[in-house]
Amino acid sequence: MPRYNPAEIEPRWQAFWDASKTFSCPDMPNISKGPKRYILDMFPYPSGEGLHVGHPEGYTATDIVSRFARMNGHNVLHPMGFDSFGLPAEEHAIKTGEHPRIQTQRNIDNFTRQLKMLGFSYDWDRKIATTDEAYFKWTQWIFLVVYDTWFDEASDKGRPIAELPIPPEIQSQGSDAVLRFQDSHRLAYQDDALVNWCPALGTVLANEEVIDGKSERGSHPVQRLPLRQWMLRITSYAERLLDGLDDLHWPTGIKKLQQDWIGRSTGAEVDFFIGDASKSDSSAWQTARQANGFPKVPPGDVLRVYTTRPDTLFGATYMVIAPEHPLVDRLTSPVQRTAMIAYRDKASFKSDRERTEGERAKTGVYTGTDAINPVTGKPIAIWVADYVLATYGTGAIMAVPAHDDRDFEFAVQFGLSIVAVVDPPQSAENRDAVLAGRGCFIGVGKAINSGEFNGQHTDAVKQAITARITSAGIGRAAINYKLRDWLFSRQRFWGEPFPIAHELDAAGNPTGIKRAIPVDQLPVRLPDLADFKPHGRPEPPLEKAADDWLFVTLEGKRHKRETNTMPQWAGSCWYYLRYIDPLNSLALVDREREAAWMPVDLYVGGAEHAVLHLLYSRFWHKVLFDRGHVSTAEPFGRLINQGMILGEVEFTGYQRSDGTWLSSNQVRRDTEGNRVDDQGMAVNGVRVDEADVEKHGDSFALRTDATIRIDSRAHKMSKSRGNVVNPDVVVNDYGADSLRLFEMFMGPLEATKPWSMAGVGGVRNFLDRVWRMIVDDRADTMILNPAVVDVPCDSEQARVLHSTIRKVTEDTESMSFNTAIARMMEFTNFFTRCESRPREAMEAIVILISPYAPHIAEELWQLLCAESNNRGCASLQPWPQWDESALVQTSIELPVQINGKVRTKIEVAPDADEATVLQTALADSRVIAAIDGKSIAKSIVVPGRLVNLVVK
RNA sequence: GCGGAUGUGGCGAAAUUGGCAGACGCGCUAGACUCAGGAUCUAGUGCCCCUUAUACGGGCGUGGAGGUUCAAAUCCUCUCAUCCGCACCA
C-alpha cells in the first residue's frame with residue numbers, strides 16, 4: 001500500500017510549507033547566525049503558454065543552493081516575481097478586447113501555481129509583479145532620479161542636476177535657456193531618432209524585429225521614421241560599466257559579450273581642412289604647413305574623423321562620410337547633387353541591418369569636393385558611402401585603403417589611389433602587393449612613405465603623430481565606444497507611463513519645457529482605454545486617453561502628459577532591489593535592509609540576457625549608487641547561465657513523394673534551399689521512430705534497410721516542431737521531485753542538453769529505490785522497512801556514508817549537481833544490498849537528498865522521526881557533517897604500469913612510503929614476469945596514485 | 001569574416017586538473033521471481049583479436065594529424081566538425 005506516490009505527497013508538503021511559512025526570509029539577516037546569501041532567479045515573463053521545462057532548470061539549481069545554504073545556517077533571501085509588462089499581453093488585448101491586466105493576472109496565477117507545484121522554497125510573501133502600481137510607482141521614481149542626474153566627467157559620477165554649473169552666457173539668457181541647458185545634460189533626455197515604424201502593427205520595432213525591411217511578425221512593411229524619443233545617456237557610464245566587470249564572478253563569455261557591446265577603442269580625432277582651397281589660397285596653406293609642421297585652420301572649415309590608426313595618416317587617400325552626415329549638403333557640388341540625392345534616399349530606406357547584411361558590395365557617390373590631408377598637403381576626395389555609419393565616431397572617416405579591408409575594397413571598386421605607409425613583415429605573403437599599392441595589410445610594422453616617421457614602429461608612430469596633430473591644434477587622442485545611448489520610449493500601451501509632463505502655452509502648444517510629475521503624485525497610472533487597436537499613425541496609444549488623464553496642472557500651468565511608455569526592460573532593471581523590501585511605501589527599498597542584503601550573491605538565468613538586461617540593470621544601479629540610493633557599485637556578484645534544454649533527440653530519414661527512402665548522403669539542397677535527390681526531385685525529411693533505428697558503423701540506419709542512412713539530432717523546443725515538453729505533464733506522470741532531479745542530473749548546469757523522457761523515468765526509478773530502502777512498501781501502513789535498524793554502521797558502511805556526505809556537500813557547493821546525484825545513487829545501490837541499514841545512514845541520506853527532492857525527503861523524514869517528536873521538517877534540518885576518520889582505509893589498491901600500461905594492481909597501506917610501494921610492486925609475480933630479465937631503466941612511484949616501471 | 005564554446009561508448013555524461021578512461025543514469029542482453037507493480041532482483045554491456053569453449057591473455061580506443069612527458073581526454077602546434085554570439089564600429 002505505501003508505495004511512493006508523489007501525486008499524494010507533493011501537494012501535501014507544498015501546502016504545509018505554505019501554511020507554516022517554512023521558507024520565510026528575515027527582513028534583516030541575522031549575521032550572528034550565519035552569512036547572508038541573496039540567491040536570485042531571473043524572473044519570468046508570464047506568458048499565456050505557462051512554464052516550459054527550461055524555466056525549472058535554473059530555478060531548481062537556485063532552489064538547491066538556497067535550501068543547502070539554509071541547512072548550513074545561512075540567512076537566505078530567495079524570492080520570485082514576474083516581469084509582466086510586454087507586447088504579447090497588448091496584442092492579446094487588441095485581438096480579444098480583454099484588458100491586458102486581466103490576462104496578465106491570469107497568467108501570473110498560472111505561473112504561480114506551476115512554480116508552487118515544483119516545490120521551490122521561495123518566500124512568496126515577497127512576490128512582485130512589474131505591472132503592480134505599487135511596484136511601477138518606484139520604476140517611475142527611479143526614472144525621475146535618472147532624469148534629475150547629469151554626468152560629471154570630472155568626478156566620473158552622476159550628480160543632481162541642480163549642481164550642474166551653468167555657464168554665465170547661458171545664465172544671462174534667462175531661465176528658459178537654463179532649463180534647456182540642463183535638459184541637454186540630463187541622463188534622460190529627448191532626441192530625434194530614426195526608428196523602425198510599422199504602420200500595420202501600429203508600433204515601433206526593435207532592429208531585431210525587422211527582417212528585409214519587413215516586420216518579423218506578419219511581414220508588414222516597416223518604415224524608417226525620425227521620431228522624438230526618450231534616450232538614456234548610458235554612454236556616460238561606458239567606462240565604468242567596462243571597469244566594473246573586472247571584479248565580477250561572471251562567466252568570461254558574458255563579460256566578453258558586454259565588453260564587445262560597449263566596444264571601447266582608442267585612437268585619435270583628426271580635423272581635415274575642407275575650406276575653399278582656391279579662396280583660402282592653397283599656397284598660403286602650404287606655407288603655413290611648412291612653418292608649423294601643420295597648418296592652423298579656421299574653425300568650421302574642417303571635417304572631423306575618428307581613427308584607431310593615426311599612424312596611417314600619410315596613407316589617407318580619400319575620405320568617406322555617412323549619408324546622414326550633416327555636411328553632406330555643403331560638400332556636394334552642383335554637378336553631383338542629383339546623384340547624391342538619389343543615393344541618400346536609397347540609403348535611408350535601408351535599415352541598419354540591411355546595410356550591414358547581404359553581399360556587402362560597397363556603394364558610394366563622390367561629393368565633388370576635396371579635403372586636404374594635413375600631413376601630405378595633398379587634396380583627397382570626399383565620398384559619401386553607407387559603409388560608414390553616422391552613429392559611430394564622427395560619422396566620417398579618413399580612408400586608408402592600403403591598411404583597411406573596407407577602404408581597400410572601396411578604393412578598388414572606384415579606382416582610388418592606394419598608398420602603403422606600413423611595411424608588412426617579410427613573412428606577410430602579400431607584402432609585395434601591398435608595397436605596390438595592390439594589396440591591403442592591417443597589421444603593424446615599420447612606417448614607410450611617412451616623412452620623418454619612416455622606420456618607426458606602428459605604436460611609436462601612433463603616439464608621435466597624435467602628439468603632432470595635438471600641438472598643431474588639428475587633432476587629439478580620443479576614445480570611442482560602440483555603445484549607443486539607450487532608446488527608452490515605446491509607442492505601446494502596456495508599459496509604465498513616463499512621470500513627465502510638457503508645458504503648454506495659452507494656445508495649447510508645447511513650450512518645450514518639461515516638468516517631472518511630483519513624487520507625491522506617483523504612480524502615474526495607465527489611463528482606462530477601451531480601444532487598443534492600432535490606428536496606423538505613430539502616435540502612442542495613450543494619446544487616445546481622456547482629457548482628465550492627458551492634461552495636468554503643474555506650477556499653475558497647464559501641461560500635457562508624456563504619452564510614450566517605458567520599455568519592458570525598465571521594470572526588470574531594479575526588481576532585485578524591491579524583493580528586499582517589497583511593501584515599503586516610503587522608499588524603493590529601506591537603506592538598512594538594502595545594505596544588509598546587497599549585492600546579489602548568485603544570479604542564475606539564460607544567456608539571452610547577457611547584454612541588454614544585465615547591462616541596463618548595471619547602468620541603473622550605478623546611477624542609484626551615485627545618487628546614494630544603493631550601497632554597492634554592482635548589483636550581481638556572481639552570475640551563472642543555465643544551458644538551453646533541447647527537445648528529445650530525433651532521427652530523420654528522407655523520403656521521396658512516392659514513399660521510397662533514400663540515404664541522407666544522397667540528399668542535397670537546390671538553389672532555393674529545398675532538399676532534393678540526385679534527380680532534382682523534392683524530398684521530405686521525415687521523423688523516424690527510434691525503434692526503427694539501428695547503429696551501423698559510425699552512422700544510424702533504418703532497421704528495415706541497413707543501406708539507408710539517417711540523421712540524429714536534437715532541436716530547440718518549438719511549437720511548430722511539436723517537441724515542447726510541458727512541466728505539468730511531467731509532474732503528472734513522474735512527480736515534481738523526479739522533474740527536479742532529472743533536470744539536475746542531465747548534465748552540467750551550463751551545458752546545452754537534450755530532453756529525455758526515459759531519463760526522467762530513470763531518476764524516478766532512483767526515488768522508488770530510495771523509498772523502498774526506507775519504507776516497507778509491502779505493509780498496509782506506512783512503516784519502516786524492517787532492514788532499517790538502530791545499529792551503528794560497520795566500517796564499510798561508515799566509509800560509504802561519510803564519503804557520500806563529503807561528495808554531496810562539495811558537489812552541491814560547487815553546483816556540480818549531476819555528480820552529487822550520481823553519488824547518492826551509488827549510496828542507495830550500496831545500502832539496498834545491505835541486510836541491515838543503520839538508521840543514522842538513512843537519516844543522513846534523507847537530509848542530503850532534501851534540497852534536490854524535497855517532497856520525498858519530508859515524507860521519509862517524518863517516518864524516520866515518528867518515534868522522536870519535535871525534530872521539525874527535513875527542509876530545516878542542519879546539514880550533516882562528514883567524519884574524516886571514517887574515510888581512512890586500511891589498505892588501498894595501486895595500479896602498476898610497465899612502460900605506461902597497467903599490468904597489475906597491488907595492495908599497500910595508504911601511507912606506505914615510496915620504497916615500500918616499489919618493493920611491493922617488484923615482488924608481484926606479474927611484474928616479475930613482465931620484466932623477465934630486462935632491466936628497469938626508471939621507476940616512478942606516485943604515493944597513493946600509481947607505480948610506473950620503465951623497462952628496456 | 002571576427003569572437004566564444006564544445007567534440008569521450010548505441011544515448012545523457014564522469015574523470016580529485018598530467019596518474020587505472022567510461023563513475024552514475026538511459027538503452028540493450030541473459031537469467032530469477034511475482035503480492036502483475038510505471039514492477040523488482042541478479043549478472044553482463046567501449047571496440048577488436050586470440051581460444052572448440054571457458055579461464056587467462058593481447059591489441060586499439062576520448063573528432064583528426066603531429067609533438068612534449070615515465071605517463072596526455074587533460075599541456076603545445078596544426079586541422080576538421082558542430083553550436084552560440086557579433087557582424088562594414090574606421
Side-chain angles (χ1 to χ4, degrees), chain A residues 3-4 251-254 256-257 260-261 263-265 267 305-309 312 320 353 355-357 360 362 385-389 391-400 403-407 409-410 442 480-484 607-608 610-611 643-644 646 649 690 693-695 698 700 712-714 733-734 742 745-748 750-766 768-769 772 777-778 807 810 816 818-826 829 832-833 893-902 905 937-940 942 944-951:
Chain A
R3 289 210 182 87
Y4 173 45
T252 51
I254 301 295
K256 186 92 175 41
L257 277 176
D260 289 351
W261 189 265
R264 183 192 143 106
S265 71
V305 303
Y306 171 75
T307 177
T308 55
R309 291 295 298 269
T312 60
V320 184
R353 202 179 185 87
R355 265 202 212 178
T356 57
E357 273 183 357
R360 284 191 197 182
K362 296 277 187 292
D386 67 4
Y387 82 90
V388 169
L389 306 177
T391 44
Y392 181 78
T394 62
I397 61 159
M398 63 178 215
V400 186
H403 304 290
D404 181 281
D405 290 335
R406 300 149 300 181
D407 297 343
E409 195 189 322
F410 191 83
I442 59 170
N480 247 296
Y481 301 94
K482 285 195 222 173
L483 186 68
R484 315 270 163 82
E608 68 273 19
V611 178
M644 200 185 356
L646 305 176
V649 173
E690 200 176 341
V693 172
E694 61 183 26
K695 169 93 180 164
D698 291 336
F700 298 99
S712 78
R713 218 183 128 180
D733 288 357
Y734 296 92
F742 173 66
F745 186 61
M746 295 167 85
E750 290 96 330
T752 303
K753 45 218 173 255
W755 185 263
S756 157
M757 224 32 117
V760 186
V763 293
R764 168 62 193 260
N765 263 345
F766 163 61
D768 277 320
R769 286 159 58 78
R772 288 195 305 269
D777 71 335
R778 296 177 181 219
K807 176 79 173 153
E810 290 173 350
S816 308
N818 52 335
T819 49
I821 294 167
R823 183 65 206 190
M824 291 190 272
M825 288 173 169
E826 286 185 78
N829 291 344
T832 301
R833 278 193 293 264
E893 202 179 49
L894 227 52
V896 179
Q897 298 181 335
I898 310 285
N899 291 338
K901 288 188 167 49
V902 178
K905 289 174 185 177
K938 192 170 181 181
S939 59
I940 295 104
V942 185
R945 212 48 111 199
L946 56 47
V947 178
N948 190 11
L949 303 173
V950 184
V951 172

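Letters A, B, ... are given to chains in the order of the sequence lines, protein chains preceding strands, and every chain is numbered from 1.
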### Message
Rounding to an integer number of angstrom, what distance separates B/C49 and B/U40 when you compare their C1' atoms?
### Response
38 Å
### Task
State the syn/anti category of B/U62 according to its glycosidic angle, syn meaning within 90° of 0.
anti
### Query
How far does the P atom of B/G37 sit from the matching atom of B/A43, given to the nearest Å?
26 Å
### Task
For A/L257, answer base if it contacts any base atom (sugar-phosphate contacts may also be present), sugar-phosphate if it contacts only those atoms, and nothing otherwise; contact means non-hydrogen atoms under 4.0 Å.
sugar-phosphate
### Task
Would you kindly give the CG-to-C1' distance between A/D777 and B/A39, to the nearest whole Å?
10 Å
#### Entry: Presence of A/N818 side-chain N/O under 4.0 Å of B/A14 phosphate oxygens OP1/OP2
yes
#### Entry: Gap between atoms CE and C1', on A/M746 and B/A13 respectively (whole Å)
11 Å
### Message
Using a 4.0 Å heavy-atom cut-off, does A/G263 contact any base of the nucleic acid, only the sugar-phosphate backbone, or nothing at all?
### Response
nothing
Anything under 3.5 Å between a protein N or O and an N or O of nucleotides 59-63 of chain B, put it in a table, one pair a line.
none

### Query
Got A/W755 and A/V760 here, is their nearest side-chain heavy-atom distance under 4.5 Å?
yes
### Query
Relative to the 5' end of RNA chain B, which residue comes earlier, A/T819 or A/D260, by the nucleotide with the nearest heavy atom?
A/D260
### Task
Any chance you could measure A/R264, atom CZ, to A/K482, atom NZ, to the nearest 0.5 Å?
14.0 Å
### Task
With rounding to the nearest 0.5 Å, note down the distance linking CZ in A/R833 to CG in A/N829.
6.0 Å
#### Entry: Span that lies between the C1' atom of B/A30 and that of B/G85, in whole angstrom
50 Å
### Message
So if I take every side-chain heavy atom of A/R3 and compare against B/C70, B/A23, B/G37, which nucleotide ends up nearest?
### Response
B/G37
### Task
Provide the distance between the two C1' atoms, one in B/U8 and one in B/A87, to the nearest whole Å.
34 Å
### Message
Which nucleotide wins on minimum distance to the side chain of A/R772, given the candidates B/G12, B/C88, B/C41?
### Response
B/C41
### Query
Between A/R309 and A/M398, what is the shortest heavy-atom contact and its length?
O-CE, 3.7 Å
### Message
If a pair means Watson-Crick or G-U wobble with both distances below 3.5 Å, what does RNA chain B look like in dot-bracket form, with | marking bases paired to a different strand?
### Response
(((((((..(((......[....)))((((((.......))))))((((.......))))..(((((..]....))))))))))))....
### Task
Can you tell me, in whole Å, how much space there is between the C1' of B/A71 and that of B/A13?
25 Å
### Separation of the C1' atoms in B/U29 and B/G46, to the nearest angstrom
16 Å
### Task
Describe the nucleic acid contact of A/R769 in one word from base, sugar-phosphate, nothing, applying a heavy-atom distance below 4.0 Å.
sugar-phosphate
### Task
Kindly point out which of B/G19, B/C24, B/A90 is positioned nearest to the side chain of A/N948?
B/G19
### Query
Looking across every strand, which nucleic acid part, if any, lies under 4.0 Å from A/N765 by heavy atom: base, sugar-phosphate, or nothing?
sugar-phosphate
### Query
What's the CZ-C1' distance between A/R945 and B/A15, to the nearest Å?
11 Å
### Task
Name the nucleic acid region contacted by A/V950, choosing base, sugar-phosphate or nothing; use a 4.0 angstrom heavy-atom cut-off, strictly under.
sugar-phosphate
### Message
Within the 4.0 Å heavy-atom criterion, would you say A/R833 contacts the bases, only the backbone, or no part of the nucleic acid?
### Response
sugar-phosphate
### Query
If you pin A/V902 and A/N829 to their nearest nucleotides in RNA chain B, which one's is more 5'?
A/V902
### Pairwise P distance for B/C41 and B/G59, with rounding to whole Å
38 Å
### Query
Less than 4.5 Å apart, any side-chain heavy atom of A/V950 and any of A/N899?
yes
#### Entry: Whole angstrom value for the distance that separates P of B/G38 from CG of A/D768
8 Å
#### Entry: Separation of the C1' atoms in B/A5 and B/U42, to the nearest angstrom
43 Å
### Query
Base, sugar-phosphate, or nothing: which does A/T308 touch, judged by heavy atoms less than 4.0 Å apart?
sugar-phosphate
### Query
So, for A/N818 and A/P748, which heavy atoms are closest and what is the spacing to 0.1 Å?
ND2-N, 3.8 Å
### Query
Contact class for A/K256 vs. all strands (heavy atom < 4.0 Å): base, sugar-phosphate, or nothing?
sugar-phosphate
### Task
Starting from P on B/A87, measure out to CZ on A/R484 and report it in whole angstrom.
9 Å
### Message
Taking 4.0 Å as the cut-off, does a side-chain nitrogen or oxygen of A/S265 come that near to OP1 or OP2 on B/A90?
### Response
yes
### Query
Going by atom types only, do A/Y387 and A/D407 share a side-chain donor-acceptor pair under 3.5 Å?
yes
### Task
Round to the nearest Å and state the distance from A/I898 atom CD1 to B/G58 atom P.
11 Å
### Query
Run the side-chain contact (heavy atoms from CB on, under 4.5 Å) check on A/R823 and A/T819 step by step: do they pass?
CA-CA 6 Å; A/R823 183 65 206 190; A/T819 49; over 6 Å; no
### Query
Rounded to whole angstroms, how far apart are CH2 on A/W755 and P on B/G25?
19 Å
### Message
Which nucleotide wins on minimum distance to the side chain of A/K905, given the candidates B/C20, B/G19, B/A90?
### Response
B/C20
## Note on the structure
Per the O4'-C1'-N9-C4 / O4'-C1'-N1-C2 angle with a 90° window around 0, B/G25 comes out anti
### Query
Looking across every strand, which nucleic acid part, if any, lies under 4.0 Å from A/T252 by heavy atom: base, sugar-phosphate, or nothing?
nothing
### Task
Could you tell me the separation between the CZ atom of A/F745 and the C1' atom of B/G27, rounded to a whole number of Å?
14 Å
### Query
Which is true for A/S939 with a 4.0 Å heavy-atom rule: it touches a base, it touches only sugar-phosphate, or it touches nothing?
nothing
### Task
With rounding to the nearest 0.5 Å, note down the distance linking CE in A/M746 to OG1 in A/T752.
10.0 Å
### Query
Are side-chain heavy atoms of A/V902 and A/Q897 found at a separation under 4.5 Å?
yes
### Query
Distance check: side-chain N/O of A/Y392 vs OP1/OP2 of B/A90, anything under 4.0 Å?
yes
### Query
Under the 6.0 Å and 45° cation-pi test, does A/K362 pair with A/F410?
no
### Closest nucleotide among B/A13, B/C24, B/G19 to the A/A822 side chain
B/C24
